[in-house]
Every structure is written in C-alpha cells, then in structure tokens.
Amino acid sequence: MFATFTEVLEQAASEGRAAGAFTCYDSTQAAGVLDAAEDAGVGVILLVSPGSFRLRRGPDLLAALRTLADRSAAPACVQLDHVSDLDAVRAAFAAGAGAVMVDGSHLPWEHNVGLTRAAVELGRATGGQVESELGGIAGDEDVAEAIAAGALTDPEEAARFTERTGAACLAVSIGNVHGHYRDEPALDFERLAAVRAATPIALSLHGASGLPAEQVRRALAEGVVKVNVNTELRGRYLAAVGAGLDGWRAGSDVQSLATSVRQATAEAVAATLALLAVQMKRA
Ligand code: 13P
C-alpha cells in the first residue's frame, strides 16, 4: 500500500532500523524491490532517477511505480531523486510522488534555501515531502565512475537550513559518493554525529553501493534513517541479463530475462534490507 515518505522513515526509525530507497528504471526492477520488501515485512522507497524522469515517458514511469506501490502488500513510497528545477518537482507530485529530492547543493546558499522552500510549498497540495542536500555528494546518479568525495555537510548550516526550509529529510555528504568509490570509503562519523546533534531532521545516506557493511551499520547507529542504493542494482541487472542472454536468444524469451532481473533485484534488496535492520548501539 502507498505510504507517505515520513511514514516509511518514521516506521523504520521506531523499529531501530533505516528505510531502504532503491532506484528503479522499470517496473521489473520495482517488482523485485517490492517482492523483497513484502518478504521482509518492511516499508520501502522506490526512487526514480533524474535521467529517467527527463525521458519522454519519465513522469509515466513514476506513475507506474506509484501504481505498483499502491498495490503492494508492503508500505511503499515513490520519490523523484535529485532534481533542481521546480517544473520537475511539480510534475513528480502530479504523477504520484510521495517525495522529491531537491538538490540545490551546487547553488549559492540562499538559492538552495529558496528552491527547497518552493518545493516544500508545491508538495503541500498533494501531501508530498521534500528531501534536500547540503555539501555536495559527488558522482553521477545514472552512470557510475570512480570518484572522490565532494564538499562535506556543515553541521551548523544543516541546523539553519532545516529551520528555514521545512524539508523532511537531509542528505548528508560525509565522504559518500554516487557510483564507485575511487578511494577506500571512509565516512566521517564525527561530522555525522555533529549534524545529528545540530538538527532533529531525518538524515539520509546516499551512495550506499560499495560501502562496507560496517560503515553502513555505524551510519545507522549515528542516526541515519534512509539509505539510497542504485549502482549495485544496476550491476545486478546487467549481470542477470548477461548471464542468461545467450540461452534466451533462441526462443526470443524476454519473459525469462525479466524474471531473472526481478529475482536478482529482489536478492540484492533483501540483503540490503537485512543490513539496514541490524541494530547497533550508538558509538
Ligand atoms: P549509488 O548509485 O552509489 O548506490 O547511490 C545511489 C543514490 O544515492 C541515489 O540517490
């Protein structure tokens, strides 16, 4: 069933875990994510990447994922990820998004505040919510390359930003990147703890693909309640296609290809949900 963004996050937080948010490029992947969420009995967030939302049928993909969320036995929300223009925000809420991640981290401070406030206002009409970003999480959301961490989130700025914007969630930049980690991942947990102490806003960790489990667990212990995964699922998708393609060619068997992708996605998501359910005492 559809659940609002804060319902999914608050439910996870109340159970001492984090909610998983998984990018889906099609309904096959989304079905795999929801299979795993139903089996684990937890809520989940289906993410639409900025690249797929820009395509001609991008808002229709979001609407299709919303239908899958509505019909799922697990609580599920749909979120448009990383956009910085208000037309996209408007279109996403109109298509059924429960949340939009508004990324104004590359903008001057006042512009980021203004963009986020305007998006929060647009969400009000549909009950949609807004996640924002401070600092700058490096890396592309759709194509992975090895990259070093971007600008880090400043705790004091995070507190002021939260007060002024009304965002429901803040994506922290603490050494995490989208795509592949160029260097050994080393999250800045002191900074995360300082952000946590500075503001009560829900905190999200983007770029979980390639992070050691121990660092993800530690981030949860320091207050992260939402974890985003994309690159790993893209890798699983392509590996599933590659492994079966030669055999399926003879019968033009697209159904088996879709089933294989769905199962590979569900397996990867199940493993992530199990990791996010592990409780660890605050360091
Ligand atoms: P990865 O692609 O590194 O898993 O990051 C996903 C993400 O943060 C989407 O917003």
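None of the values given here were measured: they were computed from a predicted structure. Counting begins at 1 with the first residue of the sequence.
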| Side-chain donor-acceptor pair under 3.5 Å between E133 and S173, yes or no? | no
| task | State whether the side chain of T67 and the backbone N or O of A63 hold a donor-acceptor pair below 3.5 Å, judged by distance alone. | result | yes
| said: Counting only heavy atoms not in H106 (residues, nucleotides, ligands), do more than 12 fall under 6.0 Å from its NE2? | reply: yes
| message | Could you walk me through whether H178 and H82 satisfy the side chain to side chain contact (heavy atoms under 4.5 Å, CB included) test, starting with their C-alpha distance in whole Å, then the side-chain angles of each, then the deciding distance to 0.1 Å, before giving a yes or no? | response | CA-CA 11 Å; H178 294 121; H82 289 283; 3.2 Å; yes
| field | Heavy-atom pair with the smallest gap, counting every atom of A277 and R17 | value | CA-CB, 3.7 Å
| field | Single-linkage hydrophobic cluster, 4.5 Å side-chain cutoff, V269 and Y25 together | value | no
| request: Provide the closest heavy-atom pair for A30 versus C24 in the form atom of the first, atom of the second, distance. | output: CA-SG, 3.6 Å
| query | Is R218 paired with E214 through a side-chain N to carboxylate O contact shorter than 4.0 Å? | reply | no
| task | Considering only NZ, NE, NH1 and NH2 on the basic side and carboxylate oxygens on the acidic side, decide whether E156 and R160 come within less than 4.0 Å. | result | yes
| request: Return the minimal non-hydrogen interatomic distance between P155 and R191, and the atom names on each side. | output: CD-NH1, 4.2 Å
| query | Do R182 and E145 sit within salt-bridge range, that is, some charged N less than 4.0 Å from a carboxylate O? | reply | no
| query | Taking Y181 for the side chain and G207 for the main chain, is one N or O donor matched with an acceptor at less than 3.5 Å? | reply | yes
| request: Could you tell me whether the side chain of R236 and the main chain of A239 form a donor-acceptor pair under 3.5 Å? | output: no
| said: Can you confirm whether F22 sits close enough to T272 that some side-chain heavy atom of one is under 4.5 Å from a side-chain heavy atom of the other? | reply: yes
| query | Looking at A95 and P59, what are the two nearest heavy atoms and their distance? | reply | CB-O, 3.6 Å
| field | I201 CD1 to L170 CG distance, which is reported to the nearest 0.5 Å | value | 5.0 Å
| said: Before you tell me yes or no, could you show the steps for L205 and N228 under side chain to side chain contact (heavy atoms under 4.5 Å, CB included), namely the whole-Å CA-CA distance, both residues' side-chain angles and the distance that decides it to 0.1 Å? | reply: CA-CA 6 Å; L205 180 70; N228 283 22; over 6 Å; no
| Test side-chain hydrogen bond (donor to acceptor under 3.5 Å, both in side chains) applied to T259 and Q255, step by step | CA-CA 6 Å; T259 300; Q255 179 58 61; 3.2 Å; yes
| message | Could you check whether any side-chain heavy atom of V113 comes within less than 4.5 Å of a side-chain heavy atom of F161, counting everything from C-beta outward? | response | yes
| field | Flag side-chain contact, heavy atom, 4.5 Å: R262 against D35 | value | yes
| query | Under 4.5 Å between side-chain heavy atoms, hopping through other hydrophobics if needed: is there a path connecting V216 to I174? | reply | yes
| said: Working note: E7 + Q11, criterion side-chain hydrogen bond (donor to acceptor under 3.5 Å, both in side chains); need CA distance, chi angles, decisive distance, verdict. | reply: CA-CA 6 Å; E7 280 168 355; Q11 183 68 35; over 6 Å; no
| message | Treating Q215 as the side-chain partner and L187 as the backbone partner, does any N or O pair qualify as donor plus acceptor under 3.5 Å? | response | yes
| field | Minimum heavy-atom distance between T153 and A158, given as atom pair plus value | value | CG2-CB, 4.3 Å
| Does some side-chain heavy atom of C169 sit less than 4.5 Å from a side-chain heavy atom of S132? | no
| message | Check this for me: does any side-chain nitrogen of one of E110 and R164 sit under 4.0 Å from a carboxylate oxygen of the other? | response | yes
| task | Could you pull out the closest heavy-atom pair between F93 and A119, with the gap in Å? | result | CE1-O, 3.9 Å
| Reported OG-to-CG distance for the pair S209 and N176, which is rounded to 0.5 angstrom | 11.5 Å
| request: With the side chain counted from C-beta on, respond yes when V172 and L192 share a heavy-atom pair under 4.5 Å apart, and no when they do not. | output: yes
| said: Would you compute the distance between atom CG of D103 and atom CG of L115 and round it to the nearest 0.5 angstrom? | reply: 9.0 Å
| task | Decide salt bridge (Lys or Arg N to Asp or Glu O under 4.0 Å) for E121 and R117; before the verdict, give the C-alpha distance in whole Å, the side-chain angles of both, and the deciding distance to 0.1 Å. | result | CA-CA 6 Å; E121 203 48 52; R117 284 173 68 126; over 6 Å; no
| field | L134 vs D154, side chain to side chain contact (heavy atoms under 4.5 Å, CB included): CA-CA, chis, key distance, verdict | value | CA-CA 8 Å; L134 278 179; D154 178 78; over 6 Å; no
| message | I'd like to know if V224 and V195 are part of one continuous hydrophobic network [Ile/Leu/Val/Met/Phe/Trp/Tyr, side-chain heavy atoms within less than 4.5 Å]. | response | yes
| task | Establish whether V8 and L203 are linked, either directly or via other cluster members, by ILVMFWY side-chain heavy-atom contacts under 4.5 Å. | result | no
| field | Gap between atom CD of E141 and atom CG of L47 - 0.5 Å precision | value | 10.5 Å
| query | Is there a donor-acceptor pair under 3.5 Å between the side chain of S52 and the backbone N or O of V48? | reply | no
| request: State whether the side chain of R217 and the backbone N or O of L275 hold a donor-acceptor pair below 3.5 Å, judged by distance alone. | output: no
| request: Please determine if R66 forms a cation-pi arrangement with F2, meaning its NZ or CZ atom is less than 6.0 Å from the six-membered ring centre and no more than 45° off the ring axis. | output: yes
| task | Scan side-chain atoms only and decide if Q263 and E267 contain a donor-acceptor pair under the 3.5 Å cut-off. | result | no
| request: Rounded to the nearest 0.5 Å, what's the gap from OG1 on T231 to NE2 on H180? Could you check? | output: 6.0 Å
| request: Could you go through the side chain to side chain contact (heavy atoms under 4.5 Å, CB included) check for F53 and L61 one step at a time? | output: CA-CA 8 Å; F53 195 73; L61 169 66; over 6 Å; no
| said: For residues L122 and V102: do they belong to one hydrophobic cluster (side chain heavy atoms under 4.5 Å, members Ile, Leu, Val, Met, Phe, Trp, Tyr)? | reply: yes
| query | Would you say the side-chain atoms of D81 and S49 include a donor-acceptor pair closer than 3.5 Å? | reply | no
| request: Would you kindly say whether T165 and T116 are connected by a side-chain donor-acceptor distance under 3.5 Å? | output: no
| query | Do any N or O atoms from the side chain of S260 and from the backbone of L257 form a donor-acceptor pair under 3.5 angstrom? | reply | no
| Do the side chains of E131 and H206 get nearer than 4.5 Å, heavy atoms only? | yes
| How many angstroms lie between atom CG of L46 and atom OG of S72, to the nearest 0.5 angstrom? | 8.0 Å
